[in-house]
Amino acid sequence: MSERHDRLFELVRAATVHLLPAGGKDGPLWGSGFFVAPGWVLTAAHVLCRHLATDRTLVFRVRGEGVDAEARLAEWLITDPRNPKVPLAEDLALVRLTGEHFHECVWLTDRAARHSGALKACGYYPGPPEAHFRMVDAVINGQEDTHGLIIKPDIDLQPGMSGGPLLDPESGAVVGLIKSKRKDKDGGKAVAIAALRRFGDTYRTVMAAHDRWHGEEPSESGDNWIDLQGGPTDGQGAVWTPRDRRRALALLAELPPPPDEPTVNVLAKVARSGFRWPGATPELRTWRDGHGLLYEGTTPLDPLTFLRYLRLVEAHARARDAGSPALADWITRRLRRDPRRDLHALARDVTLPDELRPQPGDHGPERVVISYPGPGEGPVVALLLDPVISAQPVRFFWQIWYDDGDGLPELHKEDRSVHGCRPDELVQALRVPLGGLLESKDREGHPVPLEVGLPAEHFDTAVHRWRFADIAALNDPGHLGARRRLVLRALERRGYPDNPWLDRWQGITAGRRFEGWRMPPPGAVDATGYHAAERHRIPVMCRPAGQGTGHVAMKHALRSGHPVALWHIGPHPERGACLPECDTLHARVEKFLETIGSLAELPDRLRHVRQDISEQRPDSAWAEPLALLYDDPRRPLPAEETETVDAPL
């Protein structure tokens, strides 16, 4: 073993701790953890769960070399503390010391790619008379789910090591956290460090503190993680070194966080000259996470790629009056060290993509209408709700698809249950898979559109009233229909479009003037009137589309190729004349359609009205029960028999 490794092992030992009750000096060991930033300890959630399930405010102790301090749980990912088995994706907890203490902090990898190969597993195991630190050789030889790592057999993980760090000696970075040993077998499971990103805003806070701390090179021993890390070193500036990485990440930590994940994705892709990184796209919560996309395997890309990324990030901040002279100056000085003068323009002459430049309405109260994306014009999320055959009462199987606008839609998640979900179970079932995807794909000021595919008999499902957040900020509309462009699509049309549908779409999108067409037309008993309707007229119903006369009318409209329709999902007399409110609704819809300059504006114009309703603005309640069919045949819903793969995120 080299001297560098020995010194590195001393640092990880100094940063590793064990958790125990607050009462006695030598109480029973709960498990292990490690410092990731000043005052912040990362551990496995199950280490704390059985002790804090009934009282999350309970004080306990964190003890390690030179540290013996009181602490409390800051946050964990557990959704059900009563569950005796904590799912792998939820088995992380962040602990906060109650006072200030000097201690070592590990270096966390910025690469999102999961580790494979040899590493060191570290943690504490019980005495007597007191807990002992242990470091053992381990090998990662498999992966599980999104963030899971499989530890190869032939390693004996002692009880108490859960929550301890997994150190990659070659890169000099902690790449994971020990979850558990395998029952009745050697080896075990671990959680990749990228799962920390699931903490959202807390992750941003912790990682900024981590990068600032390492940027100052503090260490009681005189060593620091950066000098002991493996990887390229080149005094001529033609490789991206650990010292470059440390300085870059420390400077990025001083900037305001990115407004959304797509911004980080776009800038990293531009930095890579349009070439995507291998594998799936991880959650991108910070500018640091974008830096982590600039690798091929464990090898950093050319320094000019990193400098190009940093220049783009600084330009994004500067365009919003938050530029960093320190970052801009360091980029310039680092570029001078690179001997390839003829290539410097790659990192020096950069401009923000148009989509990331501040728009005229970004700083003012005036609303900007966002056009609905066509093929290749931007991302769309689609939720397909397929009724379970012969189920009474009705149940749905669900699929979530993501179309990034650059290729074919890909399946993100699907319902793998046997019986499907009742309508009243859908929001809870979709809270994490759909709510999380929408949040991750939203751009600042441009929430990703949501399409919901349903059979016509279920068109009255009030999807626009759904909300995934139990608690919303006072200025947050909360409901899906007020937050984003939300449209319904006909599940019967999934697959390939027919000619009437395409013809009508081409006709209506060519126009700039739109009128409502009262549906069903007076006296119409067949589809003749639906075929003859003028192209610029949008069918409007003052009755629900899923039953009775309204359902018959909607089926005729779909068969006649109508791609757009508006209807009232509330009750309506099945027989007899319309109510006075019906005439009011049609008049209001007619006035609303006069505000639309192109068909692509329609979904966002309706979102604005729904936002007015959410904010209780006067004279907008008329549209609350209104549903919108917006069915673009150029992007049909995926065919039922399509073979799919998980979407990169």
Side-chain angles (χ1 to χ4, degrees), residues 36-37 106-115 168 171-175 192-197 203-215 225-226 229-232 237 239-317 322 324 326-328 330-331 334-335 338 346-347 350 352 356 440 649:
V36 293
V106 304
W107 175 269
L108 297 177
T109 181
D110 65 311
R111 291 186 297 108
R114 281 184 275 182
H115 181 85
D168 173 17
S171 68
V174 168
V175 298
I193 214 66
L196 254 178
R197 301 177 186 190
Y203 165 76
R204 296 186 183 99
T205 299
V206 171
M207 292 314 303
H210 168 280
D211 288 338
R212 292 190 193 105
W213 189 89
H214 281 285
W225 288 78
I226 307 306
Q229 288 179 350
V239 294
W240 194 247
T241 68
R243 283 184 169 271
D244 291 330
R245 178 176 58 219
R246 174 178 62 187
R247 187 61 182 147
L249 295 183
L251 288 166
L252 289 176
E254 298 300 329
L255 294 175
D260 48 56
E261 295 194 32
T263 295
V264 183
N265 187 308
V266 168
L267 293 187
K269 192 172 180 180
V270 172
R272 294 177 61 114
S273 301
F275 294 102
R276 284 186 60 86
W277 38 91
T281 301
E283 293 162 299
L284 302 172
R285 306 286 193 184
T286 66
W287 299 122
R288 177 189 223 265
D289 301 335
H291 184 283
L293 295 174
L294 309 182
Y295 291 80
E296 291 293 340
T298 60
T299 304
L301 296 176
D302 191 285
L304 296 177
T305 302
F306 286 92
L307 294 172
R308 180 177 172 85
Y309 173 72
L310 296 175
R311 183 81 77 182
L312 287 163
V313 172
E314 200 280 327
H316 183 277
S324 168
L327 175 57
W330 184 80
I331 294 169
R334 177 59 181 84
L335 191 58
D338 193 296
L346 179 69
V350 301
L352 283 176
L356 297 185
S440 71
L649 293 178

Can you tell if the side chain of [X] reaches within under 4.5 Å of the side chain of [Y], non-hydrogen atoms only?
{"X": "L284", "Y": "R197", "result": "yes"}
{"X": "F306", "Y": "D244", "result": "no"}
{"X": "R334", "Y": "P303", "result": "yes"}
{"X": "L293", "Y": "P282", "result": "yes"}
{"X": "D168", "Y": "T298", "result": "no"}

*Decide yes or no on side chain to side chain contact (heavy atoms under 4.5 Å, CB included) for W213 and V36, but give the supporting numbers first.*
CA-CA 10 Å; W213 189 89; V36 293; over 6 Å; no
Inter-residue atom distance [X].[atom1] - [Y].[atom2], 0.5 Å rounding:
{"X": "D338", "Y": "L307", "atom1": "CG", "atom2": "CG", "result": "7.5 Å"}
{"X": "R243", "Y": "R247", "atom1": "CZ", "atom2": "CZ", "result": "11.5 Å"}
{"X": "R288", "Y": "Y203", "atom1": "CZ", "atom2": "OH", "result": "6.0 Å"}

For [Y], does its backbone N or O pair with a side-chain atom of [X] as donor and acceptor, under 3.5 Å?
{"X": "R311", "Y": "A347", "value": "yes"}
{"X": "H214", "Y": "A37", "value": "no"}
{"X": "E261", "Y": "E283", "value": "no"}
{"X": "D289", "Y": "T286", "value": "yes"}
{"X": "N265", "Y": "P262", "value": "no"}
{"X": "R114", "Y": "A192", "value": "no"}
{"X": "R308", "Y": "V270", "value": "yes"}

Could you pull out the closest heavy-atom pair between [X] and [Y], with the gap in Å?
{"X": "L108", "Y": "M207", "answer": "CD1-SD, 3.8 Å"}
{"X": "G172", "Y": "Q229", "answer": "O-NE2, 3.2 Å"}
{"X": "P257", "Y": "R204", "answer": "CB-CD, 3.8 Å"}
{"X": "A250", "Y": "D211", "answer": "CB-O, 3.7 Å"}
{"X": "T305", "Y": "L294", "answer": "O-CD1, 4.1 Å"}
{"X": "A268", "Y": "G290", "answer": "CB-O, 4.2 Å"}

*Test L356 against L267 for side chain to side chain contact (heavy atoms under 4.5 Å, CB included), laying out the working first.*
CA-CA 9 Å; L356 297 185; L267 293 187; 3.5 Å; yes
_Aromatic ring proximity, centroids under 6.0 angstrom, Y309 and H291_ =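 Aromatic pair excluded; centres sit 6.0 Å or further apart.
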*For the pair W107 and H210, name the ring-plane relationship: parallel under 30°, tilted 30 to 60°, perpendicular over 60°.*
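Tilted, since the angle between the ring planes falls between 30° and 60°.
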*May I ask you to check if R111 and W240 form a cation-pi contact, with NZ or CZ under 6.0 angstrom from the six-membered ring centre and within 45° of the axis?*
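No, R111 and W240 do not form such a contact.
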*Does a donor on one side chain and an acceptor on the other come within less than 3.5 Å for W287 and H316?*
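No, no side-chain donor-acceptor contact under 3.5 Å.
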*asked:* Checking L304 against L335 for the side chain to side chain contact (heavy atoms under 4.5 Å, CB included) test, could you report, in this order, the C-alpha distance in whole Å, the side-chain angles of both residues, the deciding distance, and whether it holds?
replied: CA-CA 8 Å; L304 296 177; L335 191 58; 3.6 Å; yes
